[in-house]
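In what follows, a single structure is set out as structure tokens and then discussed.
Indexing begins at 1, ligand by ligand and atom by atom, following the structure's order. Atom set for the values below is all heavy atoms of this structure, side chains included, hydrogens, waters and symmetry mates excluded.
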Amino acid sequence: MKKLIGIAAAGAMLLALSGCAGADGGSAAEGGPKPLDELVVGFAQVGAESGWRTANTKDIQAAFEEAGIELKFSDAQQKQENQIKAIRSYIQQQVDVIAFSPVVETGWDAVLNEAKAAGIPVVLTDRAVDSKDESLYVSFLGSDFVLEGEKAGQWVLDEYADTTEPVEIIQLEGTTGAAPAIDRAEGFAEVIAENPNLEVVASQTGDFTRAGGKQVTEALLKSNPGVDLIYAHNDDMGLGAIEAIEAAGLVPGEDIKIVTVDAVKDGMQALADGKINFIVECSPLLGAQLIEIITQVNDGETPEKRIVTEETTFTQEQAIEALPDRQY
Ligand code: GYE
């Protein structure tokens, strides 16, 4: 028994001495915490597909600047292969921490195992990965997308509470396979199922872009002339839908109601103007919290595994009130 304890203690000591940054919990790099101005973080961003993403990138870059931590930043143009390449290059450069927002949920295990083997902790920001092995990342910071979908669904449920007629809904989905597209569809479907009159008659991806939202809406308006409401997984696709609706000679917000997610400035303006009817907020301001996680990892502390962003919803009146102070 004594011997066993001795071996265990020796093992623990060895681990402590090696200072090996286990991806899980991630102790600091060898020799204890580094001064912040010596830390290097690689960030693999999704792209620049939306107003949300632009605001997110700006906020992250500003937070690093303020903290005095070096940021290596890459834009994957919404392609998983580009993100994987960027992560591999960060591993090769032996950065201290890798952070990324996975464009889709699946297909990350191989590269995340490479990061783990190299002793580089990984932080997920904004979007989740669909991996059974939670030791592949130290923390996931971002919104509860299912809840966002539920909030959108709840507004629709309330809006049509007294309707006895069928309500035709078009859903503009985000990027196929992306966590926010999957979860926002799921939360919405669950809630509107309470009223059998509410029916999603068509659902297609607009890839979270304005152009995508416009193009899909143009086509779907032709095949679904009786549509009552559009649920767009982000503001940009909703803004594209507005263009398509107006081009078809209809009035957005009246002839066809629109519900979106994000609450970026352009979306909020359209809500204030009555062209969008309701927005569920999704905050892109993740920079400060990301710095906090990185600092904890550097200090050898274990950050929270899941940090959920706090968010609200906006009606037209609330948008008018909030717009003057909106940062993004
Ligand atoms: O809602 C959308 C962006 O992942 C939460 O991605 C993010 C989503 C956001 O393109 O506008």
Are there any protein N or O atoms under 3.5 Å from the N or O atoms of ligand 1? List them with distances, or say none.
unit_1, atom_1, unit_2, atom_2, d
ligand 1, 1 (O), R184, NH1, 2.9
ligand 1, 1 (O), R184, NH2, 3.2
ligand 1, 1 (O), D262, OD1, 2.6
ligand 1, 4 (O), R53, NH2, 3.2
ligand 1, 4 (O), D126, OD1, 2.8
ligand 1, 4 (O), D126, OD2, 3.1
ligand 1, 4 (O), R127, NE, 2.8
ligand 1, 4 (O), R127, NH2, 3.4
ligand 1, 6 (O), R53, NH2, 3.0
ligand 1, 6 (O), R127, NH2, 2.9
ligand 1, 10 (O), E49, OE2, 2.5
ligand 1, 10 (O), S50, OG, 3.0
ligand 1, 11 (O), S50, OG, 3.1
ligand 1, 11 (O), N234, ND2, 2.8
ligand 1, 11 (O), D262, OD2, 2.6

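- Residues passing the side-chain contact (heavy atoms from CB on, under 4.5 Å) test with Q318, sequence neighbours excluded: F314, T315.
- In this structure, the side chain of S203 does not engage the main chain of V200 through any donor-acceptor pair within 3.5 Å.
- Relative orientation of the F208 and H233 rings is tilted, given thresholds of 30° and 60° on the angle between their planes.
- Listed by first and then second residue, the ring pair (Phe, Tyr, Trp, His ring centres under 6.0 Å) pairs involving residues 179-198 are F188-Y231 (not counting sequence neighbours).
- Between the side chains of T57 and Q61, no donor-acceptor pair is found at a separation under 3.5 Å.
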Would you list the atom pairs, donor with acceptor, under 3.5 Å between side chains in residues 247-261 and any protein atom, with sequence neighbours excluded?
unit_1, atom_1, unit_2, atom_2, d
D255, OD2, V251, N, 2.7
T260, OG1, D235, OD1, 2.7

